[in-house]
Amino acid sequence: MKNLTIRKIQKEDYPQLIAIENSVWTVENTPGIVHYNNTSEYMSRYPIGSNFVAVDENNHVLGVLQYENATPLPTSNKTLSLSIAVSQTAQNAGAGSALMNRVKDYAREHNYRKLTLRALGSNARALAFYQKHQFVIEGHLKDEFYIDGKFVDDYLLSYFL
């Protein structure tokens with residue numbers, strides 16, 4: 001995608017971020033549907049200046065990559081846990097890859113050792129995307145969730161810096 005910029009969240013991004021988050025998460029890709037009711041709710045979880053967004057030349061938000069320390073323990077301060085959401089209209093256009101590359105650079109710049117994320121076994125597109133970005137499966141939890149009348153596996157994927 002041409003003229004794509006990766007930057008930190010700004011105040012004017014919140015309505016678009018909420019729209020992406022509320023439309024992207026489904027029973028196929030998360031064990032718990034994410035839904036934000038208003039800007040203040042989203043802003044309290046992800047303040048201005050946190051996390052990365054992909055925007056086009058018109059400053060239209062295409063996706064978001066959230067990252068945080070894997071746990072609140074000081075001993076896990078070298079591992080970032082990730083979550084990514086790309087608008088349905090921007091999928092397969094490079095925004096997700098640009099976000100993933102940016103967080104890898106950020107992690108290297110800040111001396112992180114590892115990036116982790118989780119994906120449902122029912123989400124083959126996400127698993128393929130993560131593996132394309134050199135994430136490896138570190139854990140496989142068989143039948144971890146019961147979603148929509150079916151047992152679903154959960155995968156822990158990692159990228160080592």
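- A 4.5 Å side-chain heavy-atom check between Leu17 and Val61 finds at least one atom pair inside the cut-off.
- Shown here are the ring-ring contact (aromatic ring centres under 6.0 Å, His included) partners of Phe52, two or more places apart in sequence or in another chain: Tyr67, Tyr106.
- The closest donor-acceptor contact from the side chain of Gln10 to the backbone of Gly49 lies at 3.5 Å or more, if one exists at all.
- With sequence neighbours left out, the side chain to side chain donor-acceptor pair (under 3.5 Å) criterion links Asp154 to Arg118.
- Partners of Tyr46 by ring-ring contact (aromatic ring centres under 6.0 Å, His included), not counting sequence neighbours, listed by chain and number: Tyr42.
- When all heavy atoms of Leu82 and Leu117 are compared, the closest pair comes out as O-CB, 3.6 Å.
- The shortest distance between side-chain heavy atoms of Phe151 and Glu144 does not fall below 4.5 Å.
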Step by step, work out the salt bridge (charged side-chain N to carboxylate O under 4.0 Å, His left out) result for Glu109 and Arg102. CA-CA 10 Å; Glu109 292 162 10; Arg102 179 62 187 103; 3.7 Å; yes
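- In terms of modelled atom types and a separation under 3.5 Å, the side chain of Asn101 and the main chain of Ser97 share a donor-acceptor contact.
- Looking only at distances, no side-chain donor or acceptor of Thr79 sits under 3.5 Å from a matching main-chain atom of Ser76.
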Would you check, one step at a time, whether the test side-chain contact (heavy atoms from CB on, under 4.5 Å) holds for Gln88 with Ile20? CA-CA 8 Å; Gln88 293 172 353; Ile20 290 170; over 6 Å; no
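- A side-chain N or O of Asn69 and one of Tyr112 form a donor-acceptor pair less than 3.5 Å apart.
- Contacts classified as salt bridge (Lys or Arg N to Asp or Glu O under 4.0 Å) and involving residues 23-51 (residues at least two apart or in different chains) are given here: Arg45-Glu68.
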With side-chain contact (heavy atoms from CB on, under 4.5 Å) as the criterion, how do Tyr146 and Val152 come out once you've worked through the C-alpha distance, each side chain's angles and the decisive distance to 0.1 Å? CA-CA 6 Å; Tyr146 189 71; Val152 179; over 6 Å; no
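- Nearest heavy-atom pair, Val136 versus Phe160, reported as atom, atom and distance to 0.1 Å: CG2-CE1, 4.4 Å.
- Using a 4.5 Å heavy-atom threshold, the side chains of Leu156 and Ile137 count as separate.
- Classification of Lys8 and Asp13 as a salt-bridged pair fails, no side-chain N sitting under 4.0 Å from a carboxylate O.
- No side-chain donor from either of Gln16 and Glu21 sits under 3.5 Å from a side-chain acceptor of the other.
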Carefully, step by step, assess Asn92 and Arg125 under the rule side-chain contact (heavy atoms from CB on, under 4.5 Å). CA-CA 10 Å; Asn92 299 312; Arg125 285 181 64 205; 3.3 Å; yes
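- Checked by atom type and distance alone, the side chain of Thr30 never pairs as donor or acceptor with a backbone atom of Thr26 at under 3.5 Å.
- At least one side-chain heavy atom of Met43 sits under 4.5 Å from a side-chain heavy atom of Ile48.
- The closest side-chain heavy-atom distance from Leu127 to Phe135 is not below 4.5 Å.
- The backbone N or O of Asn58 lies less than 3.5 Å from a partner atom in the side chain of Asp56, making a donor-acceptor pair.
- His133 is linked by a ring-ring contact (aromatic ring centres under 6.0 Å, His included) to Phe129, counting only residues two or more places apart in sequence or in another chain.
- The main-chain N or O of Pro47 is found under 3.5 Å from a side-chain atom of Ser50 such that the two form a donor-acceptor pair.
- Contact record, Val24 with Ala85: CG1-CB, 4.3 Å, taken as the closest heavy-atom pair.
- Looking at heavy atoms from C-beta onward, Tyr159 lies out of side-chain contact with Lys114 at the 4.5 angstrom threshold.
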Verdict with reasoning, Arg7 to Asn59, per side-chain hydrogen bond (donor to acceptor under 3.5 Å, both in side chains): CA-CA 11 Å; Arg7 60 166 171 73; Asn59 219 26; 3.0 Å; yes
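- Annotation: side chain of Asp153 is not in contact with side chain of Leu120 (no heavy-atom distance under 4.5 Å).
- The shortest side-chain heavy-atom distance between Val103 and Leu115 falls under the 4.5 Å cut-off.
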Would Arg108 and Leu161 count as a side-chain contact (heavy atoms from CB on, under 4.5 Å) if you check the C-alpha gap in whole Å, the side-chain angles of each, and the deciding distance to 0.1 Å? CA-CA 7 Å; Arg108 283 185 196 95; Leu161 297 150; 3.8 Å; yes
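- Across all non-hydrogen atoms, the minimal contact from Val86 to Gly96 is CG2-CA, 3.9 Å.
- Closest approach of Leu99 to Gly63, counting heavy atoms only: CD1-C, 3.8 Å.
- Closest heavy-atom contact between Ser158 and Thr116: OG-CG2, 3.5 Å.
- Residues satisfying the ring-ring contact (aromatic ring centres under 6.0 Å, His included) criterion with His140, sequence neighbours excluded, are Tyr155.
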